[in-house]
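Report on the following structure.
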2 protein chains.
Amino acid sequence: MYPSNDPKLRSFIPVDPDSHFPIQNLPFGVFRPKAGGPPRIGTAIGDLVLDLALLEKKRFFKNFFLLPDLLIFSRPNLSNFMALSRPVWIDIRSQISRLLSGADPTLRDDSRLRGQAFYKQSEVDMLLPVEVLDYTDFYSSKEHATNVGAMFRGRENALMPNWLHLPVAYHGRTSSIVVSGTEIRRPCGQTKKDDAPDPTFGPSRMLDFELEMGFFIAKENPLGWPVPVNEAQYHIFGMVLVNDWSARDIQRWEYQPLGPFLGKNFATSISPWVVTLEALDPFRTSGPVQDPSPLPYLQNSGDRSYDIQLEVWLQGQSMPEPHRISRTNYKYLYWDMFQQVAHHTINGCNLRLGDLIASGTISGADPSSYGSLLELAWQGTKPIQLPNGETRVALLDGDRLTLTGWCQGDGYRVGFGEVTGTIVPAG
Amino acid sequence: MYPSNDPKLRSFIPVDPDSHFPIQNLPFGVFRPKAGGPPRIGTAIGDLVLDLALLEKKRFFKNFFLLPDLLIFSRPNLSNFMALSRPVWIDIRSQISRLLSGADPTLRDDSRLRGQAFYKQSEVDMLLPVEVLDYTDFYSSKEHATNVGAMFRGRENALMPNWLHLPVAYHGRTSSIVVSGTEIRRPCGQTKKDDAPDPTFGPSRMLDFELEMGFFIAKENPLGWPVPVNEAQYHIFGMVLVNDWSARDIQRWEYQPLGPFLGKNFATSISPWVVTLEALDPFRTSGPVQDPSPLPYLQNSGDRSYDIQLEVWLQGQSMPEPHRISRTNYKYLYWDMFQQVAHHTINGCNLRLGDLIASGTISGADPSSYGSLLELAWQGTKPIQLPNGETRVALLDGDRLTLTGWCQGDGYRVGFGEVTGTIVPAG
């Protein structure tokens, strides 16, 4: 097998050490050239996008075509590729790695082919990578759950009794999942102030982000058949950044007793490049100690988490550049992806190719690592300070909010790019 | 326009007065002949199924083919038909009505064609009629919400403060929506007794049904564009019966603070025949008085509901026949379908063709009209009596639970058939 994760591997394409897309990453995404043409699948390398559909049409990929005319990358989403299973994903990633390393001279020495196969990232529009069938949002950060619980129920009752025993989750909305860059229209809805007798209608005044990560299911389990925790990794294709936009005032009035609805389902943004578990493998790390020990079907050990640095940047309309408002890490999450899959299916619920499963807001212990404005500004009591003198307790029209994340290797980064969205006024 | 809803209209096919499928109904469903062949779309008439794909291939339908080779009924789901919009649905329904009335002799006088075009219902398997993209479950019965609230919070605080101001809802799971007849495997999961220090794992001991109805969205609204309440009817294709199976013990332990998850998402059953709003139109009726008056975006008046009689039947393994355990009516619902659509989209959330939106459990004021075992047996304190001396506070393995419903016309019924499911032991 080609050593795709070798930290010393370099591409003949120049890649900045801070780039999220060195040869050790090779994420998959769907793009359309701004100059025209159909959507297709590519990988990112440095500042470029490699058109995998073109390579496929030229039959550069070996061995994985069960049917010679089955096109995997000349598609508007990753479904056909994801359906091929882990051994094929690994094989294809190795082949792309060889081509980009220059060990195979095919691309390296053919300038005409390179001219056709590479696009600058600025020359393409990125599209939703996956047709999402069901979207589940977990609530797996102990710090986030504790913060929110403390605000609403006091420090003593911050965590619900079930929280340490199972990864709490709810179903979200798939229709309003949008790709990074999509404008976010401020939602209208009912809100009610505590001292008001009745609700009123209007644009949300407490618009917030939530810093999350999500993963896509590729291997399906039939209805009635749970996925054991130690097999869950074979069901997961890769990960993206997720911004679970939230209208706190709408949510607060509506959410009891059945959970969030209109306060969340107006938009969920995801980053366009799906980073595979293979690329993330060198960055596995242990998660937090779980005490009490979970029930057997949730017991997982070893390096069950990933060391992914995460940041939140905010740029108001009158700010010349974005300002970092939070730094946190995926590894702080109490419940891991494999436990999430095991729990989700323990009642027989079937996961399908394309399901998106998100982590819930990722907050660390330090206030500078909180993953939402609700927490950063502590329910409006501690407005965050911006460099131009402005403050925020909620997002304003014109604010551009960006999440980014990466794994830090020795001299390189395996990153997720960003998921960004700008708030536009209510319609 | 052909008088498809005329109560005096009769088909040349004999139809029993108690049949759910007279010529005034003409629901749409997807079936596959047990003898073989691909899934296709049909309508029900009496005890028969009319193969609309065959009529389409023989070009019996006029005017609605924008493209002469576009096949609408030779499909494994209703999506292509639903995409054609209300005027076309009405036109096609009129054409089917003419064919079945015998006013058009094409079918009536061609015994060979009739032999090809009709199947006994017992000769076909019914399939899921629609590829469901998003599934939303409302909570629109005041009596049900009051009953459940009273059990959990006491009579004084039974209804949450928001309940009379907005139709509460949450997102459900689409992957586990199954068609009537599918066996329901008892789910496993975590449960915790009030006096136990920790949760335990095992099969649910409090398996329940929920009597609901649902409707399918056909006309889409773009993200960011709410549907006004008085336009909502143009977005709805038709209705089905829904059984929102619930594991009360799993639900009770998991549901705070984000709502139901594993307690619900192991299965949701729907009836196979989609009854159109056109067929239901003669049975429109006023809904309950809404006090306080809802906010303007939710204000609806006139005959905003439907008079649909609903029943629940239970047959245990040792019972020779099913026993009716509840009778209720769709018209008891406080919030109507059009208000549900208006509320769902008021924040800009986009509904798509194929979305299923369910009512929530439908309970009436009288205890005999409650729509779940939780209420009928009042949280286990009043076991329901079955004719063979058995009692139930929850569903047992082998129990067959059937929901049925119909509108009663003068000498005919426009019905939904049934949605049924038998409980099989945990795996």
Side-chain angles (χ1 to χ4, degrees), chain A residues 133-137 139 148-149 152 160-162 165-166 168-176 178 185 187-190 192 198-201 204 223-226 247 250 253-263 265-267 292 295-297 343-344 346-352 355 427, chain B residues 133-137 139 148-149 152 160-162 165-166 168-176 178 185 187-190 192 198-201 204 223-226 247 250 253-263 265-267 292 295-297 343-344 346-352 355 427:
Chain A
L133 294 192
D134 269 301
Y135 164 42
T136 297
D137 198 11
Y139 189 59
V148 174
F152 294 146
M160 290 282 183
N162 57 19
H165 294 281
L166 57 82
V168 171
Y170 69 104
H171 292 296
R173 179 89 194 165
T174 67
S175 69
S176 53
V178 297
R185 187 164 298 282
C188 289
Q190 289 194 28
K192 184 181 153 314
D198 291 312
T200 55
F201 179 81
S204 167
L223 187 62
W225 291 79
I250 294 173
W253 171 235
E254 75 172 357
Y255 90 102
Q256 284 187 316
L258 298 181
F261 184 57
L262 299 188
N265 68 11
F266 58 94
L295 283 162
Y297 79 92
H343 184 65
H344 203 319
I346 191 62
N347 67 342
C349 181
N350 54 326
L351 304 181
R352 292 179 298 183
D355 286 351
Chain B
L133 295 191
D134 270 300
Y135 164 42
T136 298
D137 198 11
Y139 189 58
V148 174
F152 293 145
M160 289 282 182
N162 57 18
H165 294 281
L166 56 83
V168 171
Y170 69 104
H171 293 295
R173 180 88 194 167
T174 67
S175 70
S176 52
V178 297
R185 187 164 297 283
C188 289
Q190 290 194 27
K192 186 182 152 313
D198 291 312
T200 56
F201 179 80
S204 168
L223 188 62
W225 292 78
I250 295 173
W253 171 235
E254 75 173 356
Y255 90 103
Q256 284 187 316
L258 298 181
F261 184 56
L262 298 188
N265 68 12
F266 58 93
L295 283 163
Y297 79 92
H343 184 64
H344 203 318
I346 190 62
N347 68 342
C349 181
N350 54 326
L351 304 181
R352 291 179 298 183
D355 286 351

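Here is the naming used below: chain letters follow the sequence lines, and residue numbers restart at 1 for every chain. Just so you know, these numbers come straight off a predicted model, no measurement behind them.
- For the pair Asn347(B) and Phe261(A), the minimum side-chain heavy-atom distance is 4.5 Å or more.
- Of all heavy-atom pairs between His343(B) and Leu262(A), the closest is O-CD1, 3.1 Å.
- Most heavy-atom pairs under 4.5 Å with chain A, from the set Cys349(B), Pro187(B), Ser176(B), Gly348(B): that is Cys349(B).
- Here the shortest heavy-atom pairing between Pro257(A) and Tyr139(B) reads CG-CE2, 4.1 Å.
- Using a 4.5 Å cut-off between heavy atoms, Leu295(B) touches chain A through its side chain atoms alone.
- A donor-acceptor pair under 3.5 Å is absent between the side-chain atoms of Gln256(A) and the main chain of Met160(B), judged by distance alone.
- When all heavy atoms of Gly224(A) and Arg185(B) are compared, the pair lying nearest together is O-CD, 4.3 Å.
- A donor-acceptor contact closer than 3.5 angstrom links the side chains of Asp134(A) and Thr174(B).
- Residue Phe152(B): no heavy atom, backbone or side chain, is found under 4.5 Å from chain A.
- Only the side chain of Val178(B) comes within less than 4.5 Å of a heavy atom of chain A; its backbone N, CA, C and O stay farther away.
- Across all non-hydrogen atoms, the minimal contact from Phe266(A) to Leu223(B) is O-CD1, 3.4 Å.
- With a threshold of 4.5 angstrom between heavy atoms, Pro161(A) approaches chain B through its backbone and through its side chain.
- In this structure, the portions of Leu351(B) lying under 4.5 Å from any heavy atom of chain A include both its backbone and its side chain.
- If you tally non-hydrogen atom pairs under 4.5 Å between each of Ala267(B), Pro296(B), Gly259(B) and chain A, the highest count goes to Gly259(B).
- Ser204(A) does not touch chain B: none of its heavy atoms, backbone or side chain, sits under 4.5 Å away.
- Nearest heavy atoms, Leu258(B) versus Pro260(A): O-CD, 3.8 Å.
- Top candidate by heavy-atom pairs under 4.5 Å with chain A, chosen from Gly172(B), Ala169(B), Pro199(B), Ser175(B), is Ser175(B).
- Distance alone, capped at 3.5 Å, is enough to place a donor-acceptor pair between the Arg173(B) side chain and the Asn350(A) backbone.
- Highest contact tally toward chain A, considering only Trp225(B), Phe201(B), Tyr255(B), Trp253(B), is held by Trp253(B) [criterion: heavy-atom pairs under 4.5 Å].
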List the steps and the verdict of side-chain contact (heavy atoms from CB on, under 4.5 Å) for Asn265(B) and His344(A). CA-CA 9 Å; Asn265(B) 68 12; His344(A) 203 319; 3.9 Å; yes
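- Residues His171(B) and Tyr135(A) are not in side-chain contact: their nearest non-hydrogen atoms beyond the backbone lie 4.5 Å or more apart.
- For chain A, no part of Asp137(B) is nearby; none of its heavy atoms comes within less than 4.5 Å.
- Smallest separation of non-hydrogen atoms from Asn162(A) and Glu254(B): ND2-O, 3.5 Å.
- Residues Tyr170(B) and Tyr170(A) place their aromatic rings such that the two centres sit no closer than 6.0 Å.
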